[in-house]
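Worth knowing before you read on, the calculation uses all heavy atoms, side chains too, and leaves out hydrogens, waters and symmetry mates.
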There are 2 protein chains.
Amino acid sequence: MNKEDRVIMGFRDLYNKMVWLNKDKMEEGLKGYKSSEVHCIEYIEKNADSNVTKLAESLYMTRGAISKITQKLIHKGLIESYQKSDNKKEIYFRLTEQGKVIFRIHEDLHKEFQERDKAVFEHVTEEQFDSMLSFVEKYSRHLDAEIKKQGIDMKSE
Amino acid sequence: MNKEDRVIMGFRDLYNKMVWLNKDKMEEGLKGYKSSEVHCIEYIEKNADSNVTKLAESLYMTRGAISKITQKLIHKGLIESYQKSDNKKEIYFRLTEQGKVIFRIHEDLHKEFQERDKAVFEHVTEEQFDSMLSFVEKYSRHLDAEIKKQGIDMKSE
DNA sequence: CTTATTTTGTTGACAGGGAAACAAAATGAC
DNA sequence: GTCATTTTGTTTCCCTGTCAACAAAATAAG
């Protein structure tokens, strides 16, 4: 296997492992809340004026799925919706006080994971960090361009 | 946001993007086959004597899910099961000729993706590759240890 | 050898998310 | 202005994967 493949597959495996391991801990600390719900809460708190469409694009899910999740979160009293006076179509979300409690618990768990994995990062140099970051960003931009291209392709078919 | 987070989240986003983009192409080239089915086919071809349990662990899915997928693949005539004379419990899988056709199409698509992303890797030096690989492997081992620990924790609860 | 425990694969009930069709509002073309 | 197109959010149907209970075989404990 060449190095390109090894890097990609290595990261795939690492990512899967991380999700699998953290999911249990998450659902232990946040009983009754699915990870997708928590992801929505996290995004809503960090991004002002988030709506169904933005959530869907950022979390790589369909608008249908996000629509259902946000409705559930409203019923649970974790988020609330609001609109702007000049637009009767778009519906935005913000956290309620109760939602912020969940957000904070999630943040704490996140810190816990960071603490758990601290040792891995200890001997990573600044140069290595920067190298990885620039690689990730470059690849990400490349895929953005491909996704855009794909979007055009699809319509022309 | 610190660099640790940026690396992790950067990779998460990159991974999601890649899955999202490649899934369409995959389902275009392999009409009628779900990505999970293709993943099973890929693993079975690359690992001798694979069974439900090994597939589940490697693909980060439950045995129940893999059991259903492999049954479907058998009905479709893509894989076949066999047992060993000294064990009446474990059931292994191998690809049929038809399954190998699918495997090869998948391989070709994989190469196509590699070609598409070639530019990203062009200016990555050997040192950068090695640095990323060692990071991934180190992190992966760390998580393996944590997963193992978690396994023990769970039983003691 | 006998009995308890673990491993392996399967099943059925259930929930989460995707695809597609849809209505309502916003935007664009003219 | 009017009409067509696009954007946004919702709903219904359906498929996939999880969970938990299970049976059968293998292994461990005694």
*Within the structure shown, what part of the strands sits under 4.0 Å from B/A65 by heavy-atom distance: base, sugar-phosphate, or nothing?*
base

_Regarding B/K54, tell me which of base, sugar-phosphate or nothing describes its non-hydrogen contacts under 4.0 Å with the strands shown._
nothing

Measure [atom1]/[X] against [atom2]/[N] and give the value in whole Å, please.
| X | N | atom1 | atom2 | answer |
| --- | --- | --- | --- | --- |
| B/Q83 | C/dT8 | CD | P | 14 Å |
| B/N51 | D/dA25 | CG | C1' | 14 Å |
| A/K68 | C/dG18 | NZ | P | 9 Å |
| A/E90 | D/dT6 | CD | C1' | 12 Å |
| B/L55 | C/dT8 | CG | P | 13 Å |
| A/D86 | D/dT7 | CG | P | 19 Å |
| B/I69 | D/dT16 | CD1 | C1' | 8 Å |
| B/I66 | C/dT11 | CD1 | C1' | 16 Å |

_From the set C/dA19, D/dT11, D/dG9, return the single nucleotide nearest to any side-chain atom of A/I91._
D/dG9

_The side chain of A/K88 is closest to which nucleotide in this list: C/dA25, C/dT8, D/dT10?_
C/dA25

Under-4.0 Å salt bridge between [X] and [Y]:
| X | Y | result |
| --- | --- | --- |
| B/K84 | B/D49 | yes |
| B/E137 | A/R6 | yes |
| A/D13 | A/K17 | yes |

Give a yes/no answer on whether the side chain of [X] brings an N or O atom under 4.0 Å of OP1 or OP2 in [N].
| X | N | value |
| --- | --- | --- |
| B/S67 | C/dT11 | no |
| B/N87 | D/dA25 | no |
| A/Q71 | D/dT11 | yes |
| B/T53 | C/dG9 | yes |

How many angstroms lie between [atom1] in [X] and [atom2] in [Y], if you round to the nearest 0.5 Å?
| X | Y | atom1 | atom2 | answer |
| --- | --- | --- | --- | --- |
| A/F11 | B/L14 | CZ | CG | 8.5 Å |
| A/T96 | A/L73 | OG1 | CG | 9.5 Å |
| B/M26 | B/S35 | CE | OG | 8.5 Å |

_Upstream residue (5' side of DNA chain D) when A/T70 and A/E27 are each assigned their closest nucleotide_ = A/T70

Give a yes-or-no answer on whether the side chains of [X] and [Y] include a donor-acceptor pair shorter than 3.5 Å.
| X | Y | value |
| --- | --- | --- |
| B/Q71 | B/S67 | yes |
| B/S50 | B/Y43 | no |
| B/N22 | B/R116 | yes |

_Go nucleotide by nucleotide along DNA chain C from the 5' end; which of A/K72 and B/F93 gets its closest nucleotide reached first?_
B/F93

_First encountered from the 5' end of DNA chain C, between A/K89 and B/Y92_ = B/Y92

*Transitively linked via ILVMFWY side-chain contacts under 4.5 Å: A/L143 with A/Y60?*
yes

*Would you say the side chain of B/K23 and the base of C/dG18 hold a donor-acceptor pair, judged only by whether the two atoms sit under 3.5 Å apart?*
no

_Helix axis bend for the helix from C/dC1-D/dG30 to C/dC30-D/dG1 - C1'-based end axes, five pairs, 10° rounding_ = 40°

*Within residues 33-48 of chain A: residues closer than 4.0 Å to DNA chain C (heavy atoms)*: A/K34, A/S36

